[in-house]
Amino acid sequence: MVDARPADRLVCEILPGDRVISACWSPFGSRLAVGGSDCRVRVYLDDGTKLWESVQHAGIVWSVAWSADGRRLASGSQDRTVRIWDASTGVELLRCQGHTHPVYGVAFSPDARMLASASWDHTLRLWNVVQGSEILRCPGYLSVAFSPDGCAVASGGDDGTVRLWDVSNGAELLRCRGPAAPVLSIAFSSDGRSMVAGSEDRYVWVWDTTTGGLLARCAGHRGAINSVTTSPNGQVIASGSQDATVRLWHAERGTQIALCAGHDDAVLAVAFTPDGGRLASGSADRSLRVWDISDLRLGTTLPAPAPAPAPVVSAQPIIEQPSPSLRPPAAQKGVGRLSLSPPRATEVEGCLVKIGQGDRTLDAARVALHGNGRTLYSGHPDGSLFSRDLVTGATNWQSSGAHGAAIRDVAVSTDGRLLATASDDYTVRLWDAKTGAELLRLQGHTGEVWGVALSPGGFLVASGSEDRTVRVWDAATGEQMLCCSGHSDDVESVAFSPDGSLLVSGSWDRTARLWEAATGTEVARCTGHDNAVESVAFSPNGTIVVSGSYDSTVRVWDASDGEELVCCRGHTDLVNSVAISPNGRVIASGASDHTVRLWDADSGEELHRFTFPESYAWRVTWAPDGLFLVSGNRGDVIRVWDTSRFADYPEVRGEG
């Protein structure tokens, strides 16, 4: 057993001023939300710096939860309300009312469109997070958690049972029995195959979500277990107890593997960072502690139970090659030349290659493709950066912890010389694309940087940020040349026109704006989306701009005046990314509805769709010959899609 003492494992200690009742990390691990007995919600940076403090609830804040996109924070309180806050500013966005007793648990659905709450009024309620209206009501009591696929929600009761409910109709799917005391906290494993519960009976219980069978019972605490959580890789369970300790357990065997001692009163909340390297614990002793558990972090294989070995987590990509029937004809370019080993038929139609990045399953990869169509760059939620050869599947280079926080966007210069990354650590960084050496660090933004782009030739860098600005930098010196202000909300995406004279930005203020790259003057504004504009792109000839929005549409605009030309409708969830084929006549879009879709840029007609199991497609990018498309998907999976079937379409093939 690893003894985790404060002297060698305590990273930082935060003192909010009152008992810490609940805590959770942001999806990208850079921020920590805390609910207290003083009726407030607070948000801190991971170094303990306080970002904001909410106006008071009228009672203890029993639970806090972050939405998967990091935009919103929910809290459940003794005052019988559920509140939703802007995670960046602390402004109250919505108040859900209807519970007749204290709300002890809240949880966002994985797609961030629903919120579940559990109350002492013996109800579990689902809410529409836009309107605050109640969608569904089931029996529920003290704790709540969504399944990773968002299809079910679990509730823990004072009768010692955990129940699983269908979110579409409220039907009971499963009932797990075990504790002879109230269930105070529940959590799902990252793959959804098991549920974990902490009970007043001092045990941590683990059940199979398919059969309801008991998989493990973890014994060792000397007091009620107030909070449980699972590590991102599903191998470790953490529990916080009335006995003032935090304990870590082997999820499969139920044996204790570590102890974090040092709190002076009950531990009421525990939460893993998205990379599994740190654990936060909140206590009635009025402290919030962050522990270094990096020796158990994601990717570490725990000792295997005899006689069967535990699964080994490989740091190498998992390459899957399609059956011959899915390959482009040998005479074609691009992916038709890929020859990966060992060959295995892919499970997804149209998917030529699947690259899995270990088991960091919290978020999608951000991807960029060099113009040769062979070199792929990807940035990840743990701040790591990879360069891979698509032909061989080999890693050219990797930079672990390239940023101090999640990488939000990646861009590569047309000559393949420079790589730019945007991150939650407020910086843009430039890298030697061939070696992975860091060249420059661009500092000046006062918020997380969401989007980055390189001008043709790689002379300028543009970035869009949570601070609502678009900034332009000299790629040779790192000097900030422009700061374009005007957006009234976070800037999500930026792109240069092919000649470098214009810059387009997409924002949460529902607009895309065009700027003169030389002066920063706003020259056109594209309005019409009903929700955040998440992604923007120029056509190769610079005459049109394409935008993808959280309103589930893809729109085409005239780059000269911002007039809307076409609206592509069909996605059933958030559109996260858009990209235009080599001659600008086919649009690709990636969305949270499990699809990547191709659209005719002139008519808005849907030409084709690729469907995949990961819930999000975060980034899409075309090969130079238009014969394949790369997407970075939730679950840290990169997929290469076969578009060769469209070889006869001039919309897909590049000119010449």
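Starting from 1, each residue takes its place in the sequence as its number. Every value quoted in this text rests on a predicted model; they were computed, and no experiment measured them.
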Do [X] and [Y] touch side chain to side chain, with heavy atoms closer than 4.5 Å?
| X | Y | answer |
| --- | --- | --- |
| R597 | H608 | no |
| L607 | V586 | yes |
| F108 | M114 | no |
| I580 | P540 | yes |
| V470 | L503 | yes |
| L629 | D642 | no |
| P498 | N541 | no |
| R388 | I355 | yes |

With a 4.0 Å cut-off, would you call [X] and [Y] a salt bridge?
| X | Y | value |
| --- | --- | --- |
| R72 | D86 | no |
| R619 | D409 | yes |
| D415 | R417 | yes |

Would you find a donor on one side and an acceptor on the other, under 3.5 Å apart, between the side chain of [X] and the backbone of [Y]?
| X | Y | answer |
| --- | --- | --- |
| S507 | D490 | yes |
| T469 | S485 | no |
| S465 | E448 | yes |
| S535 | S577 | no |
| S133 | N128 | no |
| S147 | V153 | no |
| R510 | D530 | yes |
| S423 | A406 | yes |
| R513 | G486 | yes |
| N576 | W618 | no |

Can [X] and [Y] be counted as having a side-chain donor-acceptor contact under 3.5 angstrom?
| X | Y | value |
| --- | --- | --- |
| H445 | S463 | yes |
| S549 | E534 | no |
| S592 | D573 | no |
| T519 | E516 | yes |
| W599 | S589 | yes |
| W641 | S631 | yes |
| R555 | T553 | yes |
| T521 | W515 | no |
| H403 | T421 | yes |

If you compare all heavy atoms of [X] against all heavy atoms of [Y], which two are closest, and at what distance to 0.1 Å?
| X | Y | value |
| --- | --- | --- |
| P456 | F496 | CD-CB, 4.2 Å |
| G500 | A517 | O-CB, 3.3 Å |
| A65 | A107 | CB-CA, 4.0 Å |
| A475 | V461 | CB-CG2, 3.9 Å |
| D509 | H487 | OD2-ND1, 2.9 Å |
| S109 | D111 | OG-OD1, 2.6 Å |

Test log, rule side chain to side chain contact (heavy atoms under 4.5 Å, CB included), inputs V412 and T375: CA-CA 10 Å; V412 62; T375 308; over 6 Å; no
Rounded distance (nearest 0.5 Å) linking atom [atom1] of [X] with atom [atom2] of [Y]:
| X | Y | atom1 | atom2 | value |
| --- | --- | --- | --- | --- |
| S581 | L598 | OG | CG | 9.0 Å |
| D600 | I587 | CG | CD1 | 8.0 Å |
| I135 | W127 | CD1 | CH2 | 10.0 Å |
| L514 | R525 | CG | CZ | 11.0 Å |
| R471 | L442 | CZ | CG | 11.5 Å |

Side chain to side chain contact (heavy atoms under 4.5 Å, CB included) evaluation trace for L419 with L385: CA-CA 10 Å; L419 189 68; L385 188 61; 3.8 Å; yes
Criterion side chain to side chain contact (heavy atoms under 4.5 Å, CB included) on I84 and L115, from CA distance to verdict: CA-CA 9 Å; I84 298 177; L115 184 70; 4.1 Å; yes
Full working for side chain to side chain contact (heavy atoms under 4.5 Å, CB included) between Q480 and L482: CA-CA 6 Å; Q480 182 178 307; L482 291 174; over 6 Å; no
Check: W622 ring centre within less than 6.0 Å of F628 ring centre: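 Centroid separation for W622 and F628: 6.0 Å or greater.
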Ring centres under 6.0 angstrom apart (Y550, H529): no
F612 and H594 aromatic ring geometry - parallel, tilted or perpendicular at 30°/60° bounds: tilted
Over-ring placement of R408 relative to F28, 6.0 Å and 45° cut-offs: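 Flagged: R408 positioned over aromatic ring of F28.
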